[in-house]
Colleague: 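Next up is a structure, given as structure tokens.
Below, each value reflects all heavy atoms present in this structure, side chains not excepted, and no hydrogens, waters or symmetry copies.
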Number of protein chains: 2
Amino acid sequence: MNQGGIAQSSETLAPIFAALGDPTRLKLVATLCVGGAFSIAQLTANTDISRQGVTKHLQVLADAGVVRDVKLGRERLWQLEPAQLEEAKRTLEAIGKEWEAALGRLKSFAESK
Amino acid sequence: MNQGGIAQSSETLAPIFAALGDPTRLKLVATLCVGGAFSIAQLTANTDISRQGVTKHLQVLADAGVVRDVKLGRERLWQLEPAQLEEAKRTLEAIGKEWEAALGRLKSFAESK
DNA sequence: GATTAGGGCAACCTAATGGTTGCATAAGCC
DNA sequence: GGCTTATGCAACCATTAGGTTGCCCTAATC
């Protein structure tokens, strides 16, 4: 009954989705995807929470592999790491495909009756 | 500095990602995407948590619009509602595109120097 | 060298999450 | 009718998450 491919990778995929499952973090990702690397101070200026709050969110994104940091002088710059997002997207595609295929099977089954 | 389209919809998108951000729920989605409608009892048999636990997870998925229930006799059957997943997928696509475009800009800027 | 700006670390707080158990209800079946 | 099965409702519990504040450190700047 289980659907191997998707379910099997649920342990590694869930953290990625969870990382995106917060409005503040989604905004951070949206900001970062315009390119380049931004400091914590810059990113904080774009939100309405404290710097420490932003740091925590960035850490969550980093743990999920969605984002990467690089030190430059006294700054810590963050940038997007889109590979994991790509995998999440492929999973959603796979689910959609699977669902469509199932609909097709159900339809042809109904018509054969 | 903000990236309108994606950030603006972060309030509606975040719950969808959050709903997918749990291994148990991801497994439920994977099970449901093979098609048809499954009862709570059937879905519970596929996990290692209690029926009430599964019910709660299904509720979270339903609140995010990822899943839909239909009553049939004394059973409550659940099935996938892939529209929201589709929107989540489009968002990830948009982020990827945006990022690639930004990389292109950075590259051509570096080459012009 | 003193000041300022960017950031790390840790403690703390509240609310939400993931999970459980116990009991009640409703529909099928003998 | 009486048993069984599928589910709902509510209370409860432990842990995590989101956020804050306070203090310390280090790199730039004047």
Colleague: Which atom pair, heavy atoms only, marks the closest approach of B/Ala102 to A/Cys33?
Modeller: CB-O, 4.2 Å
Colleague: Could you verify whether a donor N or O on one side chain and an acceptor N or O on the other, from A/Asn46 and A/Gln42, lie under 3.5 Å apart?
Modeller: no
Colleague: Hey, can you pull the residues of residues 67-76 of chain B with a non-hydrogen atom under 4.0 angstrom from DNA chain D?
Modeller: B/Arg74, B/Glu75, B/Arg76
Colleague: On DNA chain C, which is the earliest and which the latest nucleotide, 5' to 3', with an atom closer than 4.0 Å to a heavy atom of chain B?
Modeller: C/dG18 to C/dG28
Colleague: Roughly how far, to the nearest 0.5 Å, is CD of B/Glu75 from CD1 of B/Ile40?
Modeller: 9.5 Å
Colleague: Kindly compute the distance separating CG (A/Leu92) from CD (A/Glu87), expressed to the nearest 0.5 Å.
Modeller: 11.0 Å
Colleague: With side chain to side chain contact (heavy atoms under 4.5 Å, CB included) as the test, pick out the partner of B/Trp78 among B/Val54, B/Thr31, B/Asp69.
Modeller: B/Asp69
Colleague: With B/Arg74, which residues qualify under salt bridge (charged side-chain N to carboxylate O under 4.0 Å, His left out), at least two apart?
Modeller: none
Colleague: Any side-chain heavy-atom pair from B/His57 and B/Lys27 closer than 4.5 angstrom?
Modeller: no
Colleague: Each residue besides B/Leu72 in its hydrophobic cluster should be listed here, by chain and number; the cluster joins Ile, Leu, Val, Met, Phe, Trp and Tyr at side-chain heavy-atom distances under 4.5 Å.
Modeller: B/Val70, B/Leu77
Colleague: Using a 4.0 Å heavy-atom cut-off, write out nucleotides 14-20 of chain D from 5' to 3' as B (base contacted by protein), S (sugar-phosphate only) or - (no contact).
Modeller: ----SBB
Colleague: Can you name the salt bridge (charged side-chain N to carboxylate O under 4.0 Å, His left out) partners of A/Lys89, sequence neighbours left out?
Modeller: A/Glu86
Colleague: Starting from A/Val67, can I reach A/Val60 by hopping between I/L/V/M/F/W/Y residues whose side chains sit under 4.5 Å apart?
Modeller: no
